[in-house]
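Here the structure comes first, spelled out in structure tokens, and everything after it is commentary.
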Amino acid sequence: MTNKQPPSEVYVDSLDQGVAVVRIDRPEAKNALNAAVRRQLAELFLSLTQDDAVNVIVLTGGEKVFVAGADVKEFASASPTEMYLRRNERFWEPIAHCPKPVIAAVNGFALGGGCELAMHCDIIIAGESARFGQPEVKLGLMPGAGGTQRLVRAVGKFQAMRILMTGCMVPAPEALAIGLVSEVVADHQTLQRAKALAEEISALPTLALEHIKDTVLSGADLPLESALVLERKAFQLLFDTADQKEGAAAFIEKRKACYRGES
Ligand code: CO8
């Protein structure tokens, strides 16, 4: 696992109770995602996915800013072929396909690629002064890392179109009202709340959590009947896990369950 090792701009800030807090730390550029940050993020997510000590990941940019977007200076004069050859999708895949629950703790700006990064997460906790947006249109661009697709799935067509077509910034309370974030808290409580939620989730059966995540995300792209089959199969598969037996036994014996995440 990558701990803080300068000049690393992405590192595990803490690992406690099965919760790894991943910090993006590039303050001079408002945590903009340059190639190095994207690569480090991908490598870290791959490593955390493999790490049995990690049940839940909290992703944060710190107290002031989440991520102000892809690094504009890095792609300002790129040609289409250069953009193609960068194969940026490789760096998003380990985050998109991380089977473990991922919680974004967002303070400040989550713009462009930063908003897309937050939307890769399963739960978003926002500080009250956080601001979300997809301002690519103001650069003559459009989102290129899932922003059009994840945003419309999160908030519906009419809010998504407004946000994408104007490039406006959406304040945290409004983001909560339209379903773009899970909770809004005072700025100084964002990480604390995200960690508390992560610890609560970390104590629950890990295989059930992984099947919930997989079924919600995979099912959203399927016709209802197919999605329901997927759900039913995942539900049945969980009867093969020790935690399912433990959960039922603990309920019947009126005691606290002790989950071990084993199959
Ligand atoms: N890229 C590169 N540098 C940035 C970025 C960015 N996205 N955002 C901020 N910075 C830099 C600034 O250039 C500045 O650097 P310097 O001191 O050297 O001039 C430093 O961070 C501080 O920024 P500001 O002085 O601008 O700080 P303010 O508090 O005045 O403003 C803002 C903060 C509002 C966040 C402002 O910086 C801003 O508008 N940033 C750009 C936001 C944006 O347009 N984001 C979208 C980028 S496009 C994108 O994300 C496409 C994603 C598609 C997927 C990508 C795959 C490659």
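Because the structure is a prediction, the values reported are computed rather than measured. Numbers here are sequence positions counted from 1. In listed order, ligands and their atoms are each counted from 1.
Here the protein heavy atom with the shortest distance to atom 1 (N) of ligand 1 is V72 N, 2.9 Å. Among protein heavy atoms, the minimum distance from atom 38 (C) of ligand 1 is reached at L111 CD1, 4.9 Å. Nearest protein heavy-atom neighbour of atom 11 (C) of ligand 1: A29 CA, 3.9 Å. Of all protein heavy atoms, the one lying nearest to atom 20 (C) of ligand 1 is E28 O, 3.4 Å. Distance from atom 32 (C) of ligand 1 to its nearest protein heavy atom, with residue and atom name: F109 CE1, 4.1 Å. Among all protein heavy atoms, the one lying closest to atom 56 (C) of ligand 1 is N88 ND2, 4.0 Å.
Under 4.0 Å from ligand 1, heavy atoms of A70 appear from its side chain as well as its backbone. If you look at M142 next to ligand 1, there are no close heavy atoms at all, none under 4.0 Å. Residue-level proximity to ligand 1 for D71 is carried by backbone and side chain together, each with a heavy atom below 4.0 angstrom. Here E74 has no heavy atoms under 4.0 Å from ligand 1, in either its backbone or its side chain.
Of all the atoms in ligand 1, the ones that sit under 4.0 Å from a non-hydrogen atom of A145 are 54 (C). For ligand 1, the atoms lying closer than 4.0 Å to a non-hydrogen atom of G112 are 46 (C), 50 (O). Of all atoms in ligand 1, numbered sequentially from 1 with element shown, those under 4.0 Å from a heavy atom of L139 are 44 (O), 47 (C), 48 (S). Residue contact check: P135 has heavy atoms under 4.0 Å from atoms 43 (C), 44 (O), 45 (N), 46 (C) of ligand 1. Taking every non-hydrogen atom of F75 and a distance limit under 4.0 Å, the qualifying atoms of ligand 1 come out as 48 (S).
Distance check on atom 48 (S) of ligand 1: some protein heavy atom falls below the 4.0 Å cut-off. Per-atom contact check: atom 36 (C) of ligand 1 does not touch the protein, criterion being a heavy-atom distance below 4.0 Å. For atom 18 (O) of ligand 1, the protein comes within 4.0 Å by at least one heavy atom. The protein does not reach atom 25 (O) of ligand 1 closely, with no heavy atom under 4.0 angstrom from it.
A salt bridge between D16 and K195 is absent, with no side-chain N of the basic residue lying under 4.0 Å from a carboxylate O of the acidic one. Taking 4.0 Å as the cut-off between side-chain N and carboxylate O, E253 and K245 do not count as a salt-bridged pair. For the pair R23 and D25, the salt-bridge criterion is met [side-chain N within less than 4.0 Å of a carboxylate O]. Using a 4.0 Å cut-off between charged nitrogen and carboxylate oxygen, R193 and E183 count as a salt-bridge pair.
Of the listed residues (R131, K73, K30), the one carrying the non-hydrogen atom nearest atom 16 (P) of ligand 1 is K73.
Within the 3.5 Å criterion, the main-chain N or O of C98 finds a donor-acceptor partner in the side chain of K213. Side chain of E246 to backbone of C258: a donor-acceptor contact under 3.5 angstrom is found. With hydrogens and angles disregarded, no donor-acceptor distance shorter than 3.5 Å links the side chain of S8 to the backbone of Y11. Here the side chain of E74 pairs a donor or acceptor atom with the backbone of A35 at under 3.5 angstrom.
R260 contributes atom CZ, which lies 11.5 Å from atom OG1 of T206 (distance to the nearest 0.5 angstrom).
Contact between K138 and ligand 1 is absent, with no heavy atom of the residue lying under 4.0 Å from the ligand. Heavy atoms of E116 come nearer than 4.0 angstrom to ligand 1 in at least one pair.
Looking at ligand 1, you'll find an N or O of G113 within less than 3.5 Å of one of its N or O atoms. Considering backbone and side-chain atoms together, A68 places an N or O closer than 3.5 Å to an N or O of ligand 1.
Counting only N and O atoms by type, the side chains of Q236 and R232 include no donor and acceptor under 3.5 Å apart. A side-chain donor-acceptor contact under 3.5 Å links S129 and D187.
Cation-pi contact between R87 and Y84: present, with separation from the ring centre below 6.0 Å and deviation from the ring axis of at most 45°.
Residues L204 and V58 share a hydrophobic cluster, clusters being chains of Ile/Leu/Val/Met/Phe/Trp/Tyr side chains in contact below 4.5 Å.
Side-chain contact between H120 and H97: absent, with no pair of heavy atoms (C-beta onward) separated by less than 4.5 Å.
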